[in-house]
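The structure appears right after this line, and notes come after that.
Just so you know, these numbers use all the heavy atoms, side chains as well, and skip hydrogens, waters and symmetry mates.
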Amino acid sequence: VQQGNFHASIRPNALQVAWIEPGTVGSVGQFKKLELGIKLNSEIESLIDEFIAAGKSDVALRTNPSLNPFDPDEIDVYAEFYYQLNSEILSGPYRQNGFFFEDFVRNTSDPDPVNWTWDKVQSDYRFRVRFTPRATGTWKCRIIANIAGFGQFSTSFFTFNVTPSDGHDFVSVGPNKRFLKIGSEPFFPVGMNLTDQQCYVDNNGTPDDPTDDFDPYGNNCLGFVNSDVTGELPSLRLFQVFEQELDAYADAGANYFKMDLLSWFNDIEFEKVCNYYDRLFISYEMDNIIKKAEERGLFIHFNTQIQYAL
């Protein structure tokens, strides 16, 4: 991930903020993603590392001082956005919560997909805020961090400009409460459930046959882990196949799919309560899925209800 350019800060030992995305600092397209990176001071970062190194659930007894970056009762990082209605009046604040972040790249160098993995990309900005501005014009923002045992830090306000783009507004329910719309235009979803990789296998009675007639990509998902059954984490190959299936789905004319929260595919909190560190690569893959869906004009209906027995 690019390190970004400093756009706001308050004391080097307290809180630093970098403009990560888009590449044009201080300017973002309407309905496009703005991403800010937040760096906390070294003492707080060390306590975060202590929690990660312990590898425990949030409810487990802690033997050393630490801070859980996934628990807003311990670290609450967020942005306040204001829209400049005119020279005197601001609309806001619009609060956007931050989150602990790690970036990855896929490592597919091994000839055997079973051994494919994710390599971490180091960044000083381990918390992120993402925001999609819906109005063009001038916006103001500041970052606030409430840290247990340290108090509150905040940056000074900084401004950025939002310009017209080829993006679109969010999907919402129309005024008659019966249909969907995007802005003032009707939206008709065409699609189905596509909750995880289907792999097109088990249809001809030979699921381990890579030439399966129902496997147009030659990708056999069987033999890869299913964490709902084995407790293991999903493999990289499964996400690669899912992206191929999204391409085929869009090519068939779909513009929508429903995705569930599945422990064997895209759930980031499963083995440990309020500690997602070992599953952050799944967040990276969810980013890839969202990027692919946007590229192919696919809208996602994300069902966050858990799909497994407690």
Side-chain angles (χ1 to χ4, degrees), residues 21-22 28-36 72 76 78-86 89-99 128-141 160-198 242-243 245-263 265-269 282-283 285-310:
E21 190 179 339
V28 59
Q30 183 185 21
F31 305 124
K32 297 294 186 177
K33 182 177 75 172
L34 165 63
E35 182 165 335
L36 302 171
D76 182 21
Y78 62 95
E80 288 184 343
F81 291 93
Y82 295 80
Y83 177 59
Q84 193 83 44
L85 292 172
N86 55 47
I89 301 177
L90 290 171
S91 174
Y94 305 102
R95 173 173 170 144
Q96 192 74 7
N97 291 330
F99 54 93
R128 300 295 170 93
V129 168
R130 292 174 178 172
F131 181 67
T132 299
R134 301 176 68 185
T136 59
T138 301
W139 289 73
K140 295 178 63 175
C141 176
F160 61 94
N161 191 47
V162 176
T163 59
S165 77
D166 59 357
H168 56 76
D169 204 350
F170 300 106
V171 176
S172 61
V173 177
N176 61 9
K177 308 300 182 184
R178 297 182 61 189
F179 301 106
L180 301 175
K181 68 184 183 71
I182 300 176
S184 60
E185 297 295 321
F187 172 68
F188 299 98
V190 178
M192 65 178 207
N193 287 348
L194 195 61
T195 57
D196 58 352
Q197 66 291 331
Q198 305 304 306
F242 189 73
E243 288 187 5
E245 292 175 351
L246 289 180
D247 278 328
Y249 190 59
D251 289 342
N255 66 2
Y256 153 93
F257 66 96
K258 174 177 170 286
M259 173 179 276
D260 291 334
L261 189 64
L262 304 173
S263 62
F265 183 51
N266 58 359
D267 192 352
I268 62 172
E269 183 182 17
I282 296 177
S283 297
E285 290 296 349
M286 282 299 297
D287 273 351
N288 288 335
I289 290 171
I290 292 170
K291 290 175 184 176
K292 172 65 72 172
E294 185 175 18
E295 290 171 2
R296 298 309 310 268
L298 295 170
F299 290 79
I300 303 174
H301 174 184
F302 191 30
N303 177 14
T304 57
Q305 178 184 357
I306 60 172
Q307 304 293 315
Y308 46 84
L310 292 175

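Evaluation of the salt bridge (charged side-chain N to carboxylate O under 4.0 Å, His left out) test over residues 166-180, restricted to residues two or more places apart or in two chains, returns K32-D166, R134-D169.
Aromatic pair F187/F299: centroids less than 6.0 angstrom apart.
Between the side chain of T132 and the backbone N or O of F31, no donor-acceptor pair lies under 3.5 Å. Within the 3.5 Å criterion, the main-chain N or O of V129 finds no donor-acceptor partner in the side chain of Y78. In this structure a side-chain-to-backbone donor-acceptor pair under 3.5 Å is missing from N193 to T195. Side chain of Y94 to backbone of A79: no donor-acceptor contact under 3.5 angstrom is found.
Partners of F81 by ring pair (Phe, Tyr, Trp, His ring centres under 6.0 Å), not counting sequence neighbours, listed by chain and number: F131. Every residue meeting the side chain to side chain contact (heavy atoms under 4.5 Å, CB included) condition with I290, not counting sequence neighbours, appears here in chain and number order: I300. Residues passing the salt bridge (Lys or Arg N to Asp or Glu O under 4.0 Å) test with K181: none are found, sequence neighbours excluded. With sequence neighbours excluded, the residues forming a salt bridge (Lys or Arg N to Asp or Glu O under 4.0 Å) with K292 are D247, listed by chain and number. Annotation: side-chain hydrogen bond (donor to acceptor under 3.5 Å, both in side chains) contacts of H168 (sequence neighbours excluded): none.
Side-chain atoms of F265 and D260, non-hydrogen and from C-beta on, never get closer than 4.5 Å to each other. Proximity of L36 to C141: side-chain heavy atoms (C-beta onward) are separated by under 4.5 Å at one or more points.
Between L261 atom CG and F302 atom CZ the span is 5.0 Å, to the nearest 0.5 Å. Rounded to the nearest 0.5 angstrom, L34 CG and R130 CZ are separated by 11.0 Å. I282 contributes atom CD1, which lies 12.5 Å from atom CG of N288 (distance to the nearest 0.5 angstrom).
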